[in-house]
Q: 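To start, I am sharing the structure in question, which I have written as structure tokens.
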Number of protein chains: 2
Amino acid sequence: MSAVRLLVLGMVRMLGRAHGYAVHRELTSWQIDTWTSVKPASLYHALKQLAKEGKLRTAGMESSPEGPGRTVYEITAAGDVEFFGYLEGALRSIDIEELGAGFAFMQALPRARVLALLREQLRQTEAVRDDLKTMMSDHPVRDKPPYSQDLLGLWSRSFGANAEWSRSLIERLERGEYSFTRD
Amino acid sequence: MSAVRLLVLGMVRMLGRAHGYAVHRELTSWQIDTWTSVKPASLYHALKQLAKEGKLRTAGMESSPEGPGRTVYEITAAGDVEFFGYLEGALRSIDIEELGAGFAFMQALPRARVLALLREQLRQTEAVRDDLKTMMSDHPVRDKPPYSQDLLGLWSRSFGANAEWSRSLIERLERGEYSFTRD
DNA sequence: ATATAACTACTCAAGCTTGAGTAGTATGGA
DNA sequence: TCCATACTACTCAAGCTTGAGTAGTTATAT
């Protein structure tokens, strides 16, 4: 799963009704482009695809004062289910882009659920980091491609940094920071 | 650019002649799957595409003792140019997957060139990390989606970890570790 | 003897991504 | 006034990715 579907579904859900350009505009205002790349064409594709799958419904065409007509979308019941599925997956994900997208929408879940998911994601991330470290010491230092020991080091550092972030986020959530609509 | 083209081109170049399954087998033996995902179908697509573009040439069909016939590829002069282009791009890239793929093939360049490229990639990575940190302090702490401050923190930590790795790699290269065929 | 799993080698279709393009409206400056 | 730029809103085609499938061969165990 790429983060785009979650982002599109979540944004339409949050806005109530939205056309493609509005979704793009909002995501851009979130400065999503600094941490993941969401090109307009991908958003439009995701909207169409989600509509085709019945996760979104087209709520008519508006002709806006400025510019061409636009297709307005709303989320469906099936879309809501899909959204929460993606959201839970993202908050558990060791992929930094997915995790980021999930985090952005976390207020849709109760605090306790977010904490449970993030604790699992932390456990997973640390497990991967440790596995990579173990593989690293299993690898004799070999001065030839692909220099696996160093490559494993690059990735274990990266997962280590992500784990630190998750740990500090979990602590802040436990201290009662951030507000949740469903608490 | 995804890392797949570099990986395929580099592997065919390194092996001299290779069919799709051999490329996949070698990359798997590199445990490339621990740090990037290269699914067989992507490799076959890349081989065909590179052949179509004249970067690879098909050097006949072999019928192997075990299993079906296989198409053997060789790199062309244009492919060699492409390879070095990708390689230099990858060693300068702030994308961890590209950087990893470039690093795996670094022995194809002289040590001094690798050092120059990695110094540039370190500079770039640190610049991005610092930009993200600056943006973070520009963002008032706002308890609402998408929690930009925290998201920026996640990414700056990640780039920070990558920068540390690059710095230590550069040091090892300066101390004369790793051997280079073209020195 | 036999089935079942693993290996060899690739193909296909559906979906995803993206640079480029289209087309109209508004806006600001010379 | 007129030109260039930017904004609104989306489309298209080419290429990329991937789960699943195909089809034969060989080892493994029962």
Side-chain angles (χ1 to χ4, degrees), chain A residues 1-9 11-12 15 17-29 32-33 36-56 58-73 82 86 95 97-98 101, chain B residues 1-9 11-12 15 17-29 32-33 36-56 58-73 82 86 95 97-98 101:
Chain A
M1 196 253 306
S2 94
V4 178
R5 294 189 128 230
L6 171 56
L7 255 12
V8 168
L9 220 37
M11 192 51 87
V12 172
L15 296 174
R17 314 172 81 250
H19 51 97
Y21 191 73
V23 171
H24 181 235
R25 196 207 302 126
E26 288 303 303
L27 289 175
T28 302
S29 83
I32 223 100
D33 53 310
T36 198
S37 65
V38 270
K39 312 291 163 67
S42 298
L43 297 182
Y44 287 105
H45 170 78
L47 284 167
K48 276 190 183 157
Q49 195 61 26
L50 288 164
K52 190 173 137 194
E53 293 168 18
K55 312 291 163 46
L56 295 178
T58 70
M61 304 283 246
E62 280 176 11
S63 51
S64 75
E66 66 275 300
R70 52 206 192 180
T71 310
V72 179
Y73 296 91
E82 188 94 332
Y86 286 155
D95 179 302
E97 291 201 19
E98 273 182 48
Chain B
M1 194 254 305
S2 95
V4 177
R5 295 189 129 229
L6 171 56
L7 255 13
V8 167
L9 218 37
M11 192 52 88
V12 173
L15 296 174
R17 315 170 82 248
H19 52 97
Y21 191 72
V23 171
H24 180 236
R25 197 206 301 126
E26 288 303 305
L27 289 175
T28 301
S29 83
I32 225 100
D33 53 312
T36 198
S37 65
V38 269
K39 311 291 163 65
S42 298
L43 297 183
Y44 287 104
H45 170 78
L47 284 167
K48 276 192 184 158
Q49 195 60 26
L50 288 164
K52 190 172 137 193
E53 293 168 18
K55 313 293 163 45
L56 294 177
T58 69
M61 304 284 246
E62 280 177 11
S63 53
S64 73
E66 65 275 300
R70 52 205 192 180
T71 311
V72 178
Y73 296 91
E82 187 94 331
Y86 285 156
D95 179 303
E97 291 200 18
E98 274 183 47

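Order of the sequence lines fixes the chain letters, A, B, ..., with proteins taken first and strands second; residue numbering starts at 1 for each chain. Hydrogens, waters and symmetry mates are skipped; everything else that's a heavy atom, side chains included, is used.
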Q: With sequence neighbours excluded, what pairs up with A:Glu26 under the side-chain hydrogen bond (donor to acceptor under 3.5 Å, both in side chains) test?
A: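 Here no residue qualifies.
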Q: Whole angstrom is fine here: how far is it from CD in B:Glu26 over to C1' in C:dT8?
A: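 In whole Å, C:dT8 C1' lies 15 Å from B:Glu26 CD.
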Q: Verify the contact: side-chain N or O of B:His24 to OP1 or OP2 of C:dA9, cut-off strictly under 4.0 Å; return yes or no.
A: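 For C:dA9, neither OP1 nor OP2 has a side-chain N or O of B:His24 closer than 4.0 Å.
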Q: Taking salt bridge (Lys or Arg N to Asp or Glu O under 4.0 Å) as the test, write out the residues that go with A:Arg17, two or more places apart.
A: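 Partners of A:Arg17 under the salt bridge (Lys or Arg N to Asp or Glu O under 4.0 Å) test: A:Glu62, A:Glu74.
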Q: In residues 36-54 of chain B, which residues come under 4.0 Å of DNA chain C by heavy atom?
A: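 When residues 36-54 of chain B is checked for heavy atoms under 4.0 Å from DNA chain C, the hits, listed by number, are B:Ala41, B:Tyr44, B:Lys48.
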Q: Please find the pair of heavy atoms, one from B:Tyr73 and one from B:Val12, that lie closest to each other, and give the distance.
A: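 Closest approach of B:Tyr73 to B:Val12: O-CG1, 3.8 Å.
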Q: Nearest to the side chain of A:Tyr21 - D:dT17, C:dT17, D:dA9?
A: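 Of the options given, the side chain of A:Tyr21 lies nearest D:dA9.
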Q: Can you figure out which of D:dT17, D:dC16, C:dC10 approaches the side chain of B:Arg5 most closely?
A: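 Side chain of B:Arg5 sits closest to D:dC16.
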Q: Sequence neighbours left out, cut at 3.5 Å: what donor-acceptor pairs do the side chains of residues 39-50 of chain A make with other protein atoms?
A:
residue: A:Tyr44; atom: OH; partner: A:Tyr21; partner atom: N; Å: 3.3
residue: A:Gln49; atom: NE2; partner: A:Glu53; partner atom: OE2; Å: 3.4

Q: Separation of A:Arg70 atom CZ from C:dA23 atom C1', in whole Å?
A: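 Taking atom C1' of C:dA23 as the reference, CZ of A:Arg70 is at 16 Å.
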Q: Please tell me if A:Ser2 has a side-chain N or O lying less than 4.0 Å from either OP1 or OP2 of C:dT17.
A: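 For A:Ser2, the contact criterion (side-chain N or O under 4.0 Å from OP1 or OP2 of C:dT17) is met.
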Q: Could you tell me which residues satisfy salt bridge (Lys or Arg N to Asp or Glu O under 4.0 Å) with A:Glu82, sequence neighbours excluded, listed by chain and number?
A: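 For A:Glu82 the salt bridge (Lys or Arg N to Asp or Glu O under 4.0 Å) partners, ignoring immediate neighbours, are A:Arg5, A:Lys55.
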Q: Taking only residues two or more places apart in sequence or in another chain, which ones pass side chain to side chain contact (heavy atoms under 4.5 Å, CB included) with B:Thr28?
A: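 B:Thr28 satisfies side chain to side chain contact (heavy atoms under 4.5 Å, CB included) with B:His24 only.
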